[in-house]
Amino acid sequence: MNTDGWKAEFKVSLGCGGTRVSVQLKIQKDTNKVALNTAMGLFDSIENVIGRECKSRKDLIKRLMGDQIIDALLFMPSYSFLKQRVESPSRQHLNKVIVVEFRILGIEEKRYKSKAPKKAIGLVGNVQVSLVFFNSMARLFRYYLRIGSEVAVCGRLTEGPNGEFQFVHPETICQVTSIDQLVGIHNVYRLTGGITMYHVKAIIKEAVSVMKDIDVAEWIPDDFLEQRDWYSFKKSIEMIHNPQTESDTTLEGPYKQRLCFDEFLAEHIAKRISNEHKNSEGYIIDLSKATLVKKFMEKLPFKLSDDQKKVLEEIRADLATGRPMLRLLQGDVGSGKTVVALLTALLVVENGYQVALLAPTEILVRQHYETFSKMLEGLDVHVDVLTASDKTKRRREALKNLADGTTNIIVGTHSIISNTVKFNKLGFVVVDEQHRFGVNQRLMLINKAENPHILSMTATPIPRTLLLSMHGDVEVSLIKTKPMGRKDIITRAISMNRIDELISSIRNITAKKEKVYWICPLIEENDKWDYTCVIDRFSSLKEFFGDRVAMMHGRMDSAERAETFDKFKGDGVDILVSTTIIEVGLDVPNATVIIIENAERFGLSQMHQLRGRVGRSDLQSFCILLHAELMSDISRERIEIIKDSNDGFYIADKDLILRGTGDILGTKQSGTKEYRILKINNPEHEEIIFKLMRDAGELAQHIDIAKVGVLLKIFTNEETLRSIKQSF
Ligand code: ADP
Ligand code: MG
C-alpha cells in the first residue's frame, strides 16, 4: 500500500494472552526510516487502553465504562472543580479542596496511644494548619514531612476539634517546585467499588492519546462549527477530559455542547429515516369491515367515554389513508387506553392482518394477554402470548402459529419484533407504556421489511414542545377525561409517627376484600440511605397480617414476580409490599389503597404514576403519602401538589418546573436508551438543550446520510445503521 510520504505500510495483527494488538509498520520514502505504531480503532476493545496496574480489574472497568475505546472517550465527568492555590487560608476556604505551600514546624505523635492521629503542624502563609494522619505514613514523614522543610499540599481544608485548620489525609503532597501541577480544573468521574479515580483517569488518558492517531471524519459542516465556535469531535473530547476552565465540562462550554449536538443529530437522522418511510405505502384498512367490532361492543360492560370515541375516530382516519400510521396516545393512568387499542386491533384483524401488542414488562404482558383473552371470549379471534420465560416447546408453537397466520393478536415484550420472529402479515403494532418510543422500534420493523401502523400509548404526559423536538413527525391523541363513575382518589399525607394508626386502618380495607399496595423506595438496607426497605416492611407487616402479605422487587426473577402478582390479583394475598417496579400499567380493579412510604424521596410524576395503580373501578380509592417528620421544602411542596391534584398533565408541568426535563428526556423506562452525553441536572440548561435539539433537527434534514461515516456509528444504534445500509 502506498501512502503520502511513505513507501510502504504493513499492518499486522498479533494475538497475545487474549488481547489483540494491531501493529502498523511504515517505511518512509526518502530515508527508508521505519516507523512503528500500533494502530487501533475507536471500536477496538477497551482492554487496549487499560494499564497493567488494573488489568486484573478489567471486568469491573468494562461494566463501569463499556467495552470499547470509544466508551472510555465518551465516559463523561460527572462534574469538575477548580483546585485553587491559596496563600493564606481562612474560613471561606473550609470544605474546599485547595493547594497550599506548607512549612513544617513540628511533628506530633503520641507513641503510646496508637489510635491517636499523627500530625505535622506548620504554617501556610502565617496561618497555623496541621496535616492529620491516622496511620504511620513512615515514608512520607521520612522524605517530605521533616521539621523545617516546605512542601506543596493539595487537600480538603477542614476544621479540627478545637477550631484549628487541618487537612486530614491530604490527596497529594509533593515538592514545592511542583506546586503548579496541582493547581487547576479537575474532573470527577463516576466510580464503582474497586476502581479509583486514578484508574479511570489513566484509562481515559490512554484512550485520548490513542484517539490522536485516528482519523475521525467530521459530519458537522465546517461553517456550522465555526458559527457556533465549536471544535472538532477529537478536540472536544480531549478538552472535556482535560478542562482548562470550569465551564469546559458543562453545557455552557463549547465542547459538551458539541457532543450533545452529535447525540441529537444521530437521533434526528434515525428519525428522518423513519419519517421517510412514513410517506411510503402502508396497509389500507377497510373501515366497513366491522363485524368483530360490533360484536365486541355489544358485550362491553361499559360505554366508551367521549374522549375514547374521539381518539378512535382519529385512529380510524389514519388507517383508512393507506399511509402507515404513527400515533402517540397520551392518556392519564386509568383513562382506558387499552380498550382503544383493542378496538383498533379488531378492525385490523378483520381486514386480514396480524396485530402485535408490546409491553415493557412480563407482568404487563400477562395482564394484557388476560384482558384480551377475556374480552374477546366468544369472538373468533386467536390471541397468543410470548415472553422470555416461555420455554422451547411453547415458544416453538407460538412462533409457528404466528408465521402461518393462525395467531391474530400476539402480546409480548419488545423482543417479539426482533429478527427471529416471523409474522404472516403484520399490520398493526401497539406499544404500551413507553413515552420515548417510536424511532427504534420503527426502524426495527422497517428493517424486517414490515410497514405496519403503529400506536404508542403512554401515561406520561409530554409537553408539546418537547414532543416535537423528540419525535418530530408524530401525531398525538389525548384522552383527558377518566371513564364515567370514577371517584377521585383521596390523597392524604401523614407522617411516620402515625404508622400504627395506618396499619390498623388497613384491616378495615382488607376486611372489605379490597387490596393494598405498599411501596418502599429500596430493596434492602443500605448504609447510605436510611429508608425503610421492602424486606423490612414486609417482615413487619407479616407480624400483623401473616401470609396475606407478599413482597415483590427487582431482584426477584420475572416468573417469580408474575406468580406473586397473580396471587395479589386473585385471592391469595391482600397486601403487596413492593418497590417501584409496579409503576407502569398494572390494573387490579379492587386495589383501593396505595401507601407510598418515604414519599419525600419520590418525584412528582413517579408518585402520580404509582397513585394510578388504584382508583381503577367505581370503588373509592386512597393514596397515603407516608413521609418523614422532617422534610426539605421541595419535598413538602411535591407532596402538597400530589395531595391537591389528580390531573396528570398539571403534575407533569409542575414536574418540569421543579425538576427540569431530566425525568422526561433521560427516561428510566426499560427498553429505551438514555443519553450518554446529556445528563440534565440543571434546569437552567433547558434553553440550551432545546436549541441544540432544534438545530440538530434542522441539520439532519440536509445532511447526506450516505456520507456521515464514523460519527454516526459512534452515536447511533444498530437499527439505524442497518437501515442506512438498506436504504442508501
Ligand atoms: P390505562 O389508560 O391506564 O392503560 P386501562 O386501559 O388499563 O387504563 O383502563 C383502566 C380500567 O378502566 C380497566 O379496568 C378498564 O376496563 C376500565 N375502563 C376503560 N374504559 C372504560 C369506560 N369507558 N368506562 C368504564 N370503565 C372503563
Ligand atoms: Mg395501560
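Remember, it's 1-based here, ligands and their atoms both numbered in the order they're listed. Heavy atoms only: backbone and side chains are in, while hydrogens, waters and symmetry mates are out.
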- Query: What atoms in ligand 1 come closer than 4.0 Å to a heavy atom of S305?
  - Reply: 23 (N)
- Message: Tell me whether G336 has any N or O atom under 3.5 angstrom from an N or O of ligand 1.
- Response: yes
- Query: Looking at G334, which atoms of ligand 1 are within less than 4.0 Å of one of its heavy atoms?
  - Reply: 1 (P), 2 (O), 3 (O), 8 (O)
- Query: Are F428 and Y283 near enough that their ring centres are under 6.0 Å apart?
  - Reply: no
- Message: Quick test of your reading of the model: are E640 and K643 salt-bridged, counting only N-O distances below 4.0 Å?
- Response: yes
- Compute the shortest N/O to N/O distance between P483 and ligand 1 and return yes if it is under 3.5 Å, no if not. no
- Task: State, without any angle test, whether D306 and Q308 hold a side-chain donor-acceptor pair at a distance under 3.5 Å.
- Result: no
- Location of contacts on L304 toward ligand 1, heavy atoms closer than 4.0 Å: backbone
Could you pull out every donor-acceptor pair under 3.5 Å between side chains of residues 314-322 and any protein atom, sequence neighbours left out?
{"residue": "E314", "atom": "OE1", "partner": "S477", "partner atom": "OG", "Å": "2.5"}
{"residue": "R316", "atom": "NE", "partner": "E313", "partner atom": "OE2", "Å": "3.4"}
{"residue": "D318", "atom": "OD1", "partner": "R327", "partner atom": "NH2", "Å": "3.4"}
{"residue": "D318", "atom": "OD2", "partner": "R327", "partner atom": "NE", "Å": "2.7"}
{"residue": "D318", "atom": "OD2", "partner": "R327", "partner atom": "NH2", "Å": "3.2"}
{"residue": "T321", "atom": "OG1", "partner": "D318", "partner atom": "O", "Å": "2.7"}
{"residue": "T321", "atom": "OG1", "partner": "R323", "partner atom": "N", "Å": "3.1"}

- Item | Distance under 6.0 Å and angle within 45° of ring axis: R507 vs F545 | yes
- Would A459 count as a contact of ligand 1 if the rule is a heavy atom under 4.0 Å away? no
- Message: Can you tell me which portion of T338 lies within the under-4.0 Å heavy-atom range of ligand 1? Options are side chain, backbone, both, or neither.
- Response: both
- Message: Only heavy atoms of K303, strictly under 4.0 Å: list the atoms of ligand 1 that pass.
- Response: 22 (C), 23 (N), 24 (N)
- Under 4.0 Å between a Lys/Arg side-chain N and an Asp/Glu carboxylate O for D587 and R616? yes
- Taking the inter-plane angle between the rings of F565 and F568 on a 0 to 90° scale, is it parallel (under 30°), tilted (30 to 60°) or perpendicular (over 60°)? tilted
- Would you call G331 a ligand 1 contact, heavy-atom distance under 4.0 Å? no
- For S335, is the nearest heavy atom under 4.0 Å from an atom of ligand 1? yes
